[in-house]
Amino acid sequence: YPTWKRTLARRARESQMKRFCRAQAIQRRLEEIEVTFRELEQQGIKLEKLLRDENESPADQQTQWTNQLLYLVQKKNNLMTEESDLMIAVQELKLEEQQCQLDEKLRSYMNKEDALKTSEDEKAEQDILKQLVEVVNKRNILIQLQEEKRLSEL
């Protein structure tokens, strides 16, 4: 088993592990965001009730509650933006995994000697190459989307 094949296999495992760890971290953060959403929702409900029920409260108290409510809305909007970014990252991870699998398949066909390749092998190689180009284009679209989003936020 040549050294370069072992190196490629090791690098593939390492990159797969990194993707797995990133996916786990994203999943944990999405769960944290969901919990925070619920907490913010509860706080917002309490503040809305206070604002509606306490009409005879001092104006400065109502202003304070309104400011707190606006702060909660802003915080929720920030979390929604973060959640959107994480969902894009999840899609990117899936496409990255798909690209690695297609790379591996394509490499196995390309390593086969031309004299031993059947017409089915050549057709499969071309199909895999087309799929690989599609995945790369999808990843490019995601990157453009992230860049447009970043620029619009600035």
Side-chain angles (χ1 to χ4, degrees), residues 1 3-110 124-154:
Y1 205 61
T3 304
W4 64 272
K5 283 187 179 181
R6 284 195 306 266
T7 303
L8 282 177
R10 182 175 37 82
R11 286 185 182 160
R13 282 192 308 273
E14 287 172 357
S15 65
Q16 187 177 23
M17 236 6 219
K18 284 180 187 177
R19 283 191 303 277
F20 180 73
C21 289
R22 277 180 51 206
Q24 282 185 322
I26 289 171
Q27 184 62 38
R28 273 193 304 273
R29 183 61 188 142
L30 285 171
E31 290 169 1
E32 290 170 2
I33 288 173
E34 188 63 35
V35 168
T36 306
F37 272 152
R38 280 191 235 114
E39 291 171 357
L40 291 175
E41 191 72 31
Q42 293 301 317
Q43 291 174 5
I45 290 170
K46 287 178 186 176
L47 285 170
E48 281 184 47
K49 284 182 181 177
L50 285 172
L51 283 169
R52 287 189 182 136
D53 297 341
E54 302 293 329
N55 289 333
E56 56 275 346
S57 297
D60 60 334
Q61 180 69 45
Q62 288 187 354
T63 304
Q64 184 181 5
W65 290 335
T66 304
N67 287 339
Q68 287 176 350
L69 191 60
L70 290 173
Y71 173 74
L72 291 177
V73 169
Q74 181 184 15
K75 202 170 179 181
K76 187 175 179 183
N77 287 340
N78 290 340
L79 286 174
M80 288 175 72
T81 301
E82 183 181 356
E83 184 181 40
S84 171
D85 291 341
L86 290 173
M87 295 309 288
I88 290 172
V90 166
Q91 289 176 335
E92 193 173 347
L93 278 174
K94 287 179 182 177
L95 289 172
E96 195 175 320
E97 178 66 29
Q98 197 175 2
Q99 182 179 349
C100 285
Q101 291 171 355
L102 290 171
D103 275 340
E104 195 173 305
K105 287 180 185 177
L106 184 62
R107 204 173 293 119
S108 70
Y109 280 112
M110 292 178 90
E125 185 177 337
Q126 290 303 313
D127 289 343
I128 291 171
L129 191 58
K130 285 178 187 175
Q131 291 174 6
L132 191 57
V133 169
E134 288 175 17
V135 168
V136 169
N137 286 336
K138 287 177 184 176
R139 285 184 70 192
N140 188 40
I141 289 169
L142 280 179
I143 290 170
Q144 287 175 347
L145 180 70
Q146 285 176 320
E147 186 64 21
E148 288 172 8
K149 195 173 175 185
R150 186 185 68 80
L151 290 174
S152 70
E153 288 173 0
L154 293 177

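In plain terms, the two heavy atoms of Q62 and L51 that are nearest each other are O-CD2, 3.6 Å. Across all non-hydrogen atoms, the minimal contact from L93 to R19 is CD2-CG, 3.8 Å. Minimum interatomic distance between L142 and E92 (heavy atoms only, all atoms of both residues): CD1-N, 3.6 Å. When every heavy atom of I88 is checked against every heavy atom of Q146, the shortest pair comes out as CG2-NE2, 3.4 Å. What you find for L79 and F37 is that their closest heavy atoms are CB-CE2, 3.7 Å.
Checked options L40, T81, T36, I33; the residue passing with K76 is L40 (criterion: side-chain contact (heavy atoms from CB on, under 4.5 Å)). The one candidate from N77, N78, L72 that meets the side-chain contact (heavy atoms from CB on, under 4.5 Å) condition with Q74 is N78. When I128, D127, L129 are each tested for a side-chain contact (heavy atoms from CB on, under 4.5 Å) with Y109, only one passes: I128.
A donor-acceptor pair shorter than 3.5 Å can be found between the side chains of Q101 and E97.
Here the CD1 atom belonging to I26 is positioned 11.5 Å from the SG atom belonging to C21, to the nearest 0.5 angstrom. Summarising the geometry, atom CG belonging to D103 is positioned 11.0 Å from atom CD belonging to Q98; distances are rounded to the nearest 0.5 Å. Taking CG from L106 and CD from Q126, the interatomic distance works out to 9.0 Å, rounded to the nearest 0.5 Å. With rounding to the nearest 0.5 angstrom, the CG atom of L8 is 11.0 Å from the CZ atom of R13. A distance of 11.0 Å separates CG in L95 from CD in E134, rounded to the nearest 0.5 Å. We find the CD-NZ distance between Q43 and K75 to be 7.0 Å, quoted to the nearest 0.5 Å.
A salt bridge is defined here as a Lys NZ or Arg NE, NH1 or NH2 lying under 4.0 Å from an Asp or Glu carboxylate O, and E147 with R150 meets this definition. For the pair E96 and K18, the salt-bridge criterion is not met [side-chain N within less than 4.0 Å of a carboxylate O].
When side chains are defined from C-beta on, K105 does not count as touching Q131, because their heavy atoms never get closer than 4.5 Å. Looking at Q99 and L102, their side chains never come closer than 4.5 Å, going by heavy atoms from C-beta outward. Counting only heavy atoms from C-beta outward, the side chains of L145 and K149 never approach each other to under 4.5 Å. When side chains are defined from C-beta on, N67 counts as touching T63, because their heavy atoms get closer than 4.5 Å.
In this structure, E34 has no salt bridge (charged side-chain N to carboxylate O under 4.0 Å, His left out) partners at least two apart in sequence or on a different chain. Shown here are the side-chain hydrogen bond (donor to acceptor under 3.5 Å, both in side chains) partners of Q27, two or more places apart in sequence or in another chain: E31.
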Legend entry - Criterion salt bridge (charged side-chain N to carboxylate O under 4.0 Å, His left out) on E41 and R38, from CA distance to verdict: CA-CA 5 Å; E41 191 72 31; R38 280 191 235 114; over 6 Å; no
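In Q61, the CD atom is crowded: over 12 heavy atoms of neighbouring residues, nucleotides or ligands sit closer than 6.0 Å.
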